[in-house]
Trainee: 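Structure incoming, see below.
Side-chain atoms are counted along with the backbone in the values below, which use heavy atoms only and exclude waters and symmetry mates. In what follows, chains carry the letters A, B, and so on, assigned in the order in which the sequence lines appear, proteins first and then strands, with residues in each chain numbered from 1.
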2 protein chains.
Amino acid sequence: MGVEPSKGAVSLAATKTMTQRDEVRKRILMRAGEIFADRGFQSATVREICQRAEVNVAAVNYYFGDKECLYIDAVKDARELIASRWPLPEWTRETSTEQKLLMFVTTFLQRLLNTDPSNWRMKLLLREILEPSRACEEIIQESFRPFFGVLLDIIREAVGPNVSEHQLHQTGFSVISQCVFYLANRRVVGIMVTPAEREQHFQTEMLAKHITQFSFLGMKNSRSLPEPNPTSETS
Amino acid sequence: MGVEPSKGAVSLAATKTMTQRDEVRKRILMRAGEIFADRGFQSATVREICQRAEVNVAAVNYYFGDKECLYIDAVKDARELIASRWPLPEWTRETSTEQKLLMFVTTFLQRLLNTDPSNWRMKLLLREILEPSRACEEIIQESFRPFFGVLLDIIREAVGPNVSEHQLHQTGFSVISQCVFYLANRRVVGIMVTPAEREQHFQTEMLAKHITQFSFLGMKNSRSLPEPNPTSETS
DNA sequence: CCGCAATTCAAACAGGCGTTTAAAACTAGT
DNA sequence: ACTAGTTTTAAACGCCTGTTTGAATTGCGG
């Protein structure tokens, strides 16, 4: 029993070793995030995480207490890093509403679909959204709310100020859902679309264009349906 | 070694006992499906399944061979039962395109969001869509393709015959994604929307109306965006 | 160079997992 | 009632999991 886990395991160590300590922590956190992202909390094993981080099995418990705390820290870390890369492109007062929407959708899709090394963070957060663990609910909440707020502002601008709250929300979800779809349901897209078509028309840029166009038209209307009754209708 | 597992474990038993045997199989299959649906393959345990089905732990291996075969059978079973409840409302030649779309979306949402005892089947299939196991890929494929085809027909009818294939697919995904969203992301909706608003405006019927209206407008256009360049644009 | 705290390590632990086993219980046909 | 085949059962198996442990190693101020 050398030390308390994860709390203040260091007493009066030099600041130099402090950074060393943090490097190990960060290395574990990274590998853990990657593995949690594509296996989930349950299926990911501490042993594999430690193997990939090139540390002993006991390191997780020494640095983080237990597996769950490691997971929470990984999610928290992913959220913070993504939040810092979140900022949407700035727009001026001259930027049209449709352009703002395109920028929003493009940025969102880039974060979701890019294949650079930081992409696993988004997968990890998505996993938390689809099946939240009580521990991380708050984290996700804080991460998602402001982002959603930006979208709602754009929509309000598009449809006018006197739109009802629920229409605003429904429309917002319609936009969000189309973007998230391509991350969560990649396999389904692969089934329905040939590789060539996928290559040409399902890259981030083209998808952003389609979603923007589709949604911008869809939202520019808050009147109700003509209440279709299924019998009489002769064009 | 009394019997081969899962193949033809009965040789010349009476047809009466045959039904008994099938009853046990079906009971296990049901409980397994329910548990697989909300825990996933890995997290679901054979022991819990057997406990809920009120059979011995060994029953799974006796009747199905192993856990994975049980899972595959459960998915297959869910697919078949849902497929039989799938049929969209029949429409006549007088039914308008928008009505067809509304019917399609309504049916889809009902299957996804209803809370009757058969709902776990949809969750199980959704899980397979989000993280497919190689074993069930084909099953999902066969289940999803024809359903998607019906939607594509509606869209083709709405936008005219000379629409390009990729626009058709993109639009189809836009509709599908909005529906699936409300099943997969229930928690997110709960965060962003007050219970009262949810009660009033996020029930199946209202969502179907919104999605139909939103999508119908969105798809009624295949022209390209005005190619927004972010600098010059003075309304 | 010593001593002390921080860190690493191999080994072991208890518990849960899917699966197997062999005996018991049950169900006909004769 | 006996027997042969089917189903159920409790117990055990081997494996893998997260975690703990105590000794070995390291790093550093004195």
Trainee: Atom CD of B:Q51 to atom P of D:dA10: distance rounded to whole Å?
Mentor: 13 Å
Trainee: Could you tell me the separation between the CD atom of A:E23 and the P atom of C:dT7, rounded to a whole number of Å?
Mentor: 13 Å
Trainee: Side-chain contact, heavy-atom cut-off 4.5 Å: A:I154 with A:W91?
Mentor: yes
Trainee: Would you say B:Y63 places a side-chain N or O within less than 4.0 Å of OP1 or OP2 belonging to D:dT8?
Mentor: yes
Trainee: Can you give me every donor-acceptor pair (side chain of residues 175-184 of chain A, partner residue at least two apart or in another chain, under 3.5 Å) with its distance?
Mentor:
unit_1 : atom_1 : unit_2 : atom_2 : d
A:S177 : OG     : A:F173 : O      : 2.9
A:S177 : OG     : A:S174 : O      : 2.9
A:Q178 : OE1    : B:S174 : OG     : 2.8
A:Q178 : NE2    : A:S174 : O      : 3.0
A:Q178 : NE2    : A:S215 : OG     : 3.0

Trainee: Mind checking ring-ring contact (aromatic ring centres under 6.0 Å, His included) for B:F36 and listing every partner two or more places apart, or none if nothing turns up?
Mentor: B:F41, B:Y71
Trainee: Output the rounded distance in Å from CZ (A:R25) to P (C:dA6).
Mentor: 16 Å
Trainee: With sequence neighbours excluded, what pairs up with A:H169 under the ring-ring contact (aromatic ring centres under 6.0 Å, His included) test?
Mentor: none
Trainee: Quick one: salt bridge (charged side-chain N to carboxylate O under 4.0 Å, His left out) pairs with a partner in residues 55-74 of chain B, sequence neighbours left out?
Mentor: B:R25-B:D73
Trainee: Find every protein N or O atom lying less than 3.5 Å from an N or O atom of nucleotides 19-21 of chain C, and list the pairs.
Mentor:
unit_1 : atom_1 : unit_2 : atom_2 : d
C:dT19 : OP2    : B:K67  : N      : 2.9
C:dT19 : O5'    : B:N61  : ND2    : 3.3

Trainee: Taking CZ from B:F64 and P from D:dT7, how many angstroms apart are they, rounded to a whole number?
Mentor: 13 Å
Trainee: Go through the structure and list residues passing side-chain hydrogen bond (donor to acceptor under 3.5 Å, both in side chains) with A:R39, not counting sequence neighbours.
Mentor: A:E48
Trainee: Return each pair, listed once, that meets salt bridge (charged side-chain N to carboxylate O under 4.0 Å, His left out) where at least one residue sits in residues 177-204 of chain B; pairs must be two or more places apart or across chains.
Mentor: A:E137-B:R187
Trainee: Pull out every protein N or O sitting under 3.5 Å from an N or O of nucleotides 23-26 of chain C, one pair per line with the distance.
Mentor:
none

Trainee: For residues 27-45 of chain B, which residues have at least one heavy atom under 4.0 Å from DNA chain C?
Mentor: B:A44, B:T45
Trainee: For A:D153, what residues pass the side-chain hydrogen bond (donor to acceptor under 3.5 Å, both in side chains) criterion, not counting sequence neighbours?
Mentor: A:R156
Trainee: Of all residues at least two apart in sequence or in a different chain, which pass the side-chain hydrogen bond (donor to acceptor under 3.5 Å, both in side chains) check with A:R127?
Mentor: B:E131
Trainee: Return yes when atom CD of B:E142 has more than 12 non-hydrogen atoms of other residues, nucleotides or ligands closer than 6.0 Å, and no otherwise.
Mentor: yes
Trainee: Return the set of residues passing side-chain hydrogen bond (donor to acceptor under 3.5 Å, both in side chains) with A:S118 (not counting sequence neighbours), or none when no residue passes.
Mentor: A:R85, A:D116
